[in-house]
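Only one structure is covered here, and it is reproduced in the block below.
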Amino acid sequence: MATMALPTEVSQNTTAKSCRFCGASLEKTFIDLGMSPLCETYPSVAELNRGEMFYPLHVFVCAKCFLVQLEEFESPENIFSDYLYFSSYSDSWLKHCENYTTQMIERFGLGLKNFVVEVASNDGYLLQYFVKKGVPVLGIEPASNVAKVAEEKGVPTLNRFFGVQLAFELVSQGKTADLIAGNNVLAQVPDLNDFVEGLKLLLKPQGVLTLEFPSLLKLIELNEFDTIYHEHFSYFSLLATINILQAHGLKVFDVEELATHGGSLRVYACRVEDTTHALQPSVEALLQLEKKSGLDTIAAYEGFARQVKETKFALLDFLLSAAKEGKTVAGYGAPGKSATLLHYCGIGKDLIQYTVDRSPHKQGRVLPGTHIPIFHPDRIRETKPDYVIILPWNLKDEITQQLQFIREWGGRFVVPIPKVAVY
Ligand SMILES: [Zn+2]
């Protein structure tokens, strides 16, 4: 029997994969999580009978520069123009941002005469603290609904995508930055080289760039596969980050390991020719740790898929037993990462009856794909579920504390990652 030729479009998609940083062809799979809907698109009740687009979550690792990455398949405009993630809804995250502000002001002596820019500034959750201290700021945020909220709080915000073009425009207006902050944005940039080049252009000769992003080492060690979703195009080790920044005339002079988002890195960089910032020993220490874990060899990236599959089976075992025993399971939170977890594991309304979220923008909607309904957190007190599964497991301490009242009816918490834990 003759083999049918694949349609041109499909064969092009499977052959034209190249690294978004170095351009080498992508052949090594890091993990293939199957098909998933766009995770920050929460359908409303009126949209329940419509179809939803699913996209592949196939992650590759570049054998040349070790950048772990997804292919780009949806235009960033479609993903981010009406983004429902309002950063300001987590207490611990806001505390983190306030601390960052204090640290930066003290360490780099920022004041009234300086200028702080944040790329992907969301609803002004971070810059509001600089505004309070009188430091001039500019937020850059592509999602118009979120940018509007920032403006209303008194955080000047440009509703644009950031890259070389916008950096040129700002520089030509005399706007260069003493500090540029990029929190959890690097992963979401489709044109990585244009973005990083833009950061360099916008930076004053002695300016500082800080980038925060989830650590790839932690992602592997702590099995955080649900942090892989379509909005995250790239996953960074310090090793890969140093190479990328260096290619654009920037050098890393300090790095901190943070507990946020399941283990993040905060990288401090400046222009390569800038000698005012001394190289801290933390950089070499973390590089050695990454090398010890083999992140500079392709072998370290293999084996991740196996541990992820084990987690899926354990979570399904737990949920199926609970369902058979007639126990009720509610979710807490509707984070983007829940879409990956639920789709990869094949979990629907039959296993988790509903979830709740503090964000009023998500309440009354449903989770993408699974259509698990999202309610106000009061629903938990009203329905007294036997188990509450914490979907944003990175906030488990905060959420467990807020929800201690479930103990009144013998309720228990479930955390799916790194390993299924019931307590
Ligand atoms: Zn590469």
Side-chain angles (χ1 to χ4, degrees), residues 11-33 55-76 79 119-120 161-164 182 184-201 209 211-221 224-225 227-252 255 264-265 267 269 272 283-284 286-305 308:
S11 54
Q12 274 174 356
N13 271 344
T14 49
T15 53
K17 291 182 288 289
S18 57
C19 173
R20 77 168 30 88
F21 168 59
C22 78
S25 79
L26 291 176
E27 283 150 18
K28 295 275 182 192
T29 291
F30 177 57
I31 189 163
D32 186 354
L33 294 166
Y55 299 89
L57 265 184
H58 190 157
V59 189
F60 294 89
V61 54
C62 175
K64 193 175 162 204
C65 73
F66 300 110
L67 180 64
V68 170
Q69 57 199 291
L70 276 177
E71 276 182 280
E72 191 191 345
F73 23 74
E74 179 77 350
S75 74
I79 295 183
V119 280
F161 274 95
F162 182 77
V164 166
N184 299 305
V185 58
L186 207 56
Q188 304 184 351
V189 173
D191 190 345
L192 192 55
N193 286 316
D194 181 71
F195 185 85
V196 176
E197 185 64 23
L199 294 174
K200 203 267 306 281
L201 288 172
L209 164 70
L211 295 169
E212 283 182 34
F213 49 86
S215 152
L216 180 65
L217 184 59
K218 288 282 181 238
L219 186 151
I220 296 173
E221 281 179 356
E224 299 165 344
F225 69 90
T227 60
I228 295 171
Y229 45 83
H230 299 107
E231 286 79 345
H232 289 173
F233 301 126
S234 315
Y235 303 82
F236 300 89
S237 58
L238 178 63
L239 205 104
T241 308
I242 287 176
N243 282 337
I244 294 165
L245 293 179
Q246 203 157 32
H248 293 278
L250 293 165
K251 66 178 174 192
V252 173
V255 62
S264 296
L265 300 182
V267 158
V272 278
V283 178
E284 188 53 31
L286 186 57
L287 268 180
Q288 286 309 321
L289 201 65
E290 289 192 345
K291 285 179 183 166
K292 218 174 127 201
S293 302
L295 291 193
D296 55 346
T297 64
I298 205 76
Y301 300 86
E302 294 162 349
F304 181 61
V308 169

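This chain uses plain numbering: 1 for the first residue, then up along the sequence. Atoms within a ligand are numbered from 1 in the order they appear, just like the ligands themselves. Treat the numbers as computed from the prediction; the structure is a model and nothing was measured.
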Should the pair H230 and Y55 be assigned to parallel (<30°), tilted (30 to 60°) or perpendicular (>60°) ring geometry?
perpendicular
Would you please name every residue forming a salt bridge (charged side-chain N to carboxylate O under 4.0 Å, His left out) with E290, sequence neighbours left out?
none
Listing by chain and number, which protein N, O or S atoms are under 2.8 Å from the Zn ion (ligand 1)?
C19 SG, C22 SG, C62 SG, C65 SG
Assign the ring pair H248 / F21 to parallel, tilted or perpendicular, where the plane angle (0 to 90°) is split at 30° and 60°.
tilted
Minimal non-hydrogen separation, I228 against L57, with atom names:
O-CD1, 3.9 Å
Mark yes when over 12 heavy atoms from residues, nucleotides or ligands other than K251 sit less than 6.0 Å from its NZ; otherwise mark no.
yes
The single option from I220, V61, L67, L216 that satisfies side chain to side chain contact (heavy atoms under 4.5 Å, CB included) with Y235 is L216
